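Below is one structure, written out as structure tokens; the observations come after it.
All chains are named by letter (A, B, ...) in the order of the sequence lines, taking the proteins before the strands, and each is independently numbered beginning at 1. Model, not experiment: these values are computed from the prediction.
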Amino acid sequence: MTTETLQNFRRSGYCGTYTMKNVGETISVCGWVQRQRNKGALIFVDLRDRTGILQLSFNPDTPREVFEKAAGLHSEYVVAATGILRERESKNPDLATGDVELEVTELRLLAASETPPFEILEDLQANDMLRLKYRYLDLRRPNMQKAIQTRHRVTKVVRDYFDEQGFFEIETPMLTKSTPEGARDYLVPSRTHPGKFYALPQSPQQYKQLLMLSGFDRYMQIVRCFRDEDLRADRQPEFTQIDLEMSFVTADDVMEIQEGFLKRVFKEILDVDVQTPFPRMPYSEAMARYGSDKPDTRFGFELCDISDLVKDCGFGVFSGPVSEGGSVRLINLKGFAADFPRKKIDKLVDFVKTYRAKGLAWARLIDGGVTSSYQKFLTEGENAAILERAGASDGDVVLIVGDAKDEVVFAALGALRVHCAKELNLLDPKVFHFLWVKEFPMFEYSEEDGRFVAMHHPFTAPLDEDVEKLETDKLGCRAKAYDIVLNGTELGGGSIRINTPQMQETMFKALGFSAEEAQERFGHLINAFQYGAPPHGGIAYGLDRLCMLMAGAESIRDVIAFPKVQNASEPMTACPDVVDQKQLDELGLALNLAVLEKKTEE
RNA sequence: GGCUCGGUAGCGAAGUCGGUUAUCGCGCCGGCCUGUCACGCCGGAGAUCGAGGGUUCAAGUCCCUUCCGAGUCGCCA
């Protein structure tokens with residue numbers, strides 16, 4: 001079958017836009033053949049473009065050569081058709097254009113197609129690898145088209161809203177200086193400076209702070225960022241941030257303007273009204289109540305501390321953690337005892353072990369009785385006190401984790417409450433619970449480095465009342481940092497920054513950098529701050545995560561046109577890949593074969 | 001790096017206790033059909049059961065190794 005060019009063909013509109021009001025018009029559409037149904041003397045072709053499907057019809061009155069051309073069409077052929085829009089004899093209520101069809105008088109075959117490796121269907125069940133290898137076909141599917149379009153509309157709202165609020169969009173470099181704090185950098189070798197490397201930005205953090213110093217006052221950017229770390233459903237090595245910074249603001253000012261943005265974007269894209277202001281919760285409260293710094297507040301199952309009740313009990317599994325400085329805490333799956341028979345609870349025991357918990361104690365209150373994994377080790381009074389503290393009554397399941405490290409208890413129970421809620425179908429993706437988590441700890445201790453590191457980043461300002469603690473009580477020192485959390489996902493995070501060289505110096509000292517080290521790594525920022533930096537702060541959102549939640553997707557891959565798979569490769573182009581020796585020579589690079597061999601063996 | 005789950009025609013799946021020619025749906029090819037729209041009917045092709053090794057008279061099925069994917073822990077200031 002020979003293909004044709006467009007010649008004098010002019011598209012009159014998109015397939016999905018034609019309805020009864022256009023009946024009688026001569027129209028011209030083009031797109032891909034979704035399906036051809038040949039009834040012998042009648043042929044129907046579903047023509048698809050990004051707006052939807054329009055049925056083309058061919059009958060005995062159709063010019064013969066057009067009819068024969070239609071008979072030769074197959075899936076994914078690209079055609080242009082002209083004809084008269086008619087009301088259908090038998091209508092299809094499932095289709096937006098189901099009342100009409102195009103009675104074709106002219107048909108051009110613009111491109112044929114091989115049989116695609118999978119059908120272009122809305123609810124395709126194909127494995128991710130295949131979809132990504134043929135991503136250009138995967139993206140033809142209506143739900144992918146919708147997701148990518150939604151992403152476009154979100155970024156449009158971002159630009160509109162922040163423009164209205166006086167923000168300038170300013171681009172920052174992609175080739176930057178590697179900074180050792182934080183995630184692993186992607187490195188780019190320099191040809192003009194042999195042996196030296198650029199790094200791709202993990203975020204434009206320092207540049208945007210310098211823009212504040214330059215007086216731009218309100219900055220925004222939709223910007224690609226890079227982190228060479230392992231992938232997750234919500235983490236890609238390259239991802240997009242909505243990056244913002246403002247001068248002369250407090251944390252509350254920043255949060256307020258973000259609430260305006262989120263309210264706007266949810267209204268415009270999903271027609272969902274979200275209530276502002278969002279609840280604001282200190283980090284310590286989030287951990288104590290939910291065991292997480294990004295709690296999903298769509299359901300209860302809050303944590304409950306029973307350390308004081310069991311610290312002197314005769315059961316070492318409970319008393320041990322408390323005496324070693326940890327805690328024993330529980331969650332109560334209120335009213336769900338029937339959903340968690342013994343077998344299911346055993347699976348929960350395995351579940352918490354992935355979070356390094358040593359085990360899971362439980363009590364099941366059903367039919368007026370109590371069965372429990374631990375009650376025989378405790379006195380009657382102790383047992384009663386625990387259930388009372390848990391607020392447990394008949395029909396409940398109480399799940400208890402104790403550990404010498406609070407972080408293990410929090411991680412295990414925090415994950416467990418979400419896991420159980422998921423199993424119980426309590427997570428409605430159409431309900432949106434926003435939450436600000438604020439007053440994060442300034443520091444955390446890094447076992448790997450054997451020192452304190454900044455939890456957020458080293459430019460974050462401490463709470464005014466905690467400045468003294470930079471020296472005296474690092475773990476008790478809180479930062480002017482805040483995260484925006486939506487349904488248990490960290491959508492974004494930010495802080496008020498340090499704006500004086502004195503405070504920045506104190507901070508570097510607290511992190512254990514000598515003056516020389518600080519100068520070498522962050523000299524540009526330290527020097528700049530000698531020249532009058534305004535108080536400033538900002539936030540950065542994960543655009544991919546925002547779009548994922550708004551699209552109801554399970555993974556950010558679904559809202560990224562060309563994402564990477566778990567080993568950070570890209571199946572369609574098969575990158576990363578080897579390069580020519582000539583390219584290496586030009587950069588003065590040699591592969592260390594001994595190291596590569598060892599890596600391959602591992 | 002660890003753990004869990006998965007890999008069977010182009011796609012999605014089934015395959016029991018190890019036993020004849022590996023099953024089903026979609027798609028594909030050929031034929032028929034004047035109102036289909038997940039069209040229908042008739043016929044057909046298409047599989048080194050991810051790869052390698054082992055046990056066995058016999059392996060998709062059991063064992064070992066390995067590759068690939070997904071989820072997750074570590075990691076991600």
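Distances shorter than 4.0 Å separate some side-chain N or O of A:Arg557 from OP1 or OP2 on B:G71. The shortest distance between the side-chain N/O atoms of A:Asn127 and the OP1/OP2 oxygens of B:G12 is below 4.0 Å. In terms of phosphate contacts, A:His74 brings a side-chain nitrogen or oxygen within less than 4.0 Å of OP1 or OP2 of B:C29. Distances shorter than 4.0 Å separate none of the side-chain N or O atoms of A:Asn38 from OP1 or OP2 on B:U36. Considering only side-chain N and O atoms, A:Gln566 lies nowhere under 4.0 angstrom from the phosphate OP1 or OP2 of B:G69. Of the side-chain N and O atoms in A:Arg227, none sit less than 4.0 angstrom from OP1 or OP2 of B:C75.
Residues satisfying the ring-ring contact (aromatic ring centres under 6.0 Å, His included) criterion with A:His524, sequence neighbours excluded, are absent altogether.
What separates CG of A:Asp123 from C1' of B:A38 is a distance of 10 Å, to the nearest Å. The distance from atom CD of A:Glu89 to atom C1' of B:U36 is 11 Å, rounded to the nearest whole Å. Distance A:Gln202 CD to B:C75 P: 16 Å, rounded to the nearest Å. Taking atom CD1 on A:Ile556 and atom P on B:A70, their separation rounds to 13 Å, with Å as the unit. If you take CG of A:Leu121 and P of B:G10, they are 18 Å apart, rounded to a whole angstrom. Note: CE (A:Met455) to P (B:C76) measures 12 Å, nearest angstrom. Distance CD (A:Glu407) to C1' (B:C75): 14 Å, rounded to an integer number of Å. One interatomic measurement links the two molecules: CG of A:Leu42 to C1' of B:U36, which rounds to 8 Å at whole-angstrom precision.
Counting non-hydrogen atoms under 4.0 angstrom, A:Gln125 reaches the backbone sugars and phosphates but no base. Within the nucleic acid shown, A:Ser57 has no heavy atom closer than 4.0 Å to any nucleic acid atom. In this structure, A:Lys91 reaches the bases: a heavy-atom distance under 4.0 Å links it to at least one base atom across the strands shown. Contact annotation for A:Asp350: no contact, since no heavy-atom pair falls under 4.0 Å across all strands. At the heavy-atom level, A:Leu130 lies under 4.0 Å from the strands shown only through sugar-phosphate atoms. Within the 4.0 angstrom heavy-atom criterion, only backbone atoms of the sugar-phosphate kind lie near A:Thr354; the bases stay farther away.
Proximity note for A:Glu229 (side chain, C-beta onward) versus B:C75, B:U72, B:G69: the nearest is B:C75. Listed nucleotides B:G71, B:C76, B:A38 differ in distance to A:Arg35; the shortest reach to its side chain belongs to B:A38. When the nucleotides B:C68, B:A38, B:G71 are ranked by their closest atom to the side chain of A:Asn92, B:A38 comes out on top. With distances taken from any side-chain atom of A:Arg235 to the nucleotides B:C76, B:U72, B:G69, the minimum falls on B:C76. The side chain of A:Glu119 approaches B:G27 more closely than any other nucleotide in the set B:G27, B:C33, B:U72. Set against B:C75, B:G74, B:G27, the side chain of A:Asp230 has B:G74 as its closest nucleotide. Side chain of A:Pro60, nearest nucleotide from B:U72, B:U34, B:G10: B:U34. Picking from B:C28, B:U34, B:G35 the nucleotide with the shortest atom distance to the side chain of A:Glu101 gives B:G35. Taking every side-chain heavy atom of A:Ala183 into account, B:C76 is the closest of B:U36, B:C76, B:C73. Among B:C73, B:U36, B:U34, the nucleotide with an atom closest to any side-chain atom of A:Arg37 is B:U36.
Ring centroid separation for the pair A:Tyr14 and A:Tyr18 does not come in under the 6.0 Å cut-off. Taking the six-membered ring for Trp and the full ring otherwise, A:Phe459 and A:Phe522 have centroids separated by under 6.0 Å. For an aromatic pair to be called close, the ring centres must be under 6.0 Å apart, and A:Phe226 with A:Phe239 fails this.
Taking the P atom of each, B:G40 and B:U61 are spaced 36 Å apart, rounded to whole Å. Between B:G6 and B:A47, the two P atoms lie 26 Å apart (nearest whole Å). Between the C1' atoms of B:G12 and B:G18, the separation comes to 27 Å (whole Å).
The closest side-chain donor-acceptor pair between A:Tyr219 and A:Gln221 falls under 3.5 angstrom. At a cut-off of 3.5 Å, with distance as the only test, no side-chain donor of A:Glu439 or A:Tyr482 sits close to an acceptor on the other residue. Side chain to side chain, A:Gln236 and A:Asp544 fail the donor-acceptor criterion of an N or O pair below 3.5 Å. Residues A:Asn487 and A:Thr489 bring no donor and acceptor atom of their side chains to less than 3.5 Å of each other.
Counting atom types as modelled, A:Gln36 pairs no side-chain N or O with a base atom of B:U36 as donor and acceptor under 3.5 Å.
The partner of B:U48 is absent, by the rule that a Watson-Crick or G-U pair needs both atom distances under 3.5 Å. Taking a pair to require two hydrogen-bonding distances under 3.5 Å in either a Watson-Crick or a G-U wobble arrangement, B:C26 pairs with B:G10.
Both geometric conditions, a ring-centre gap below 5.5 Å and a plane tilt below 30°, are fulfilled for A:Phe44 over the base of B:U36.
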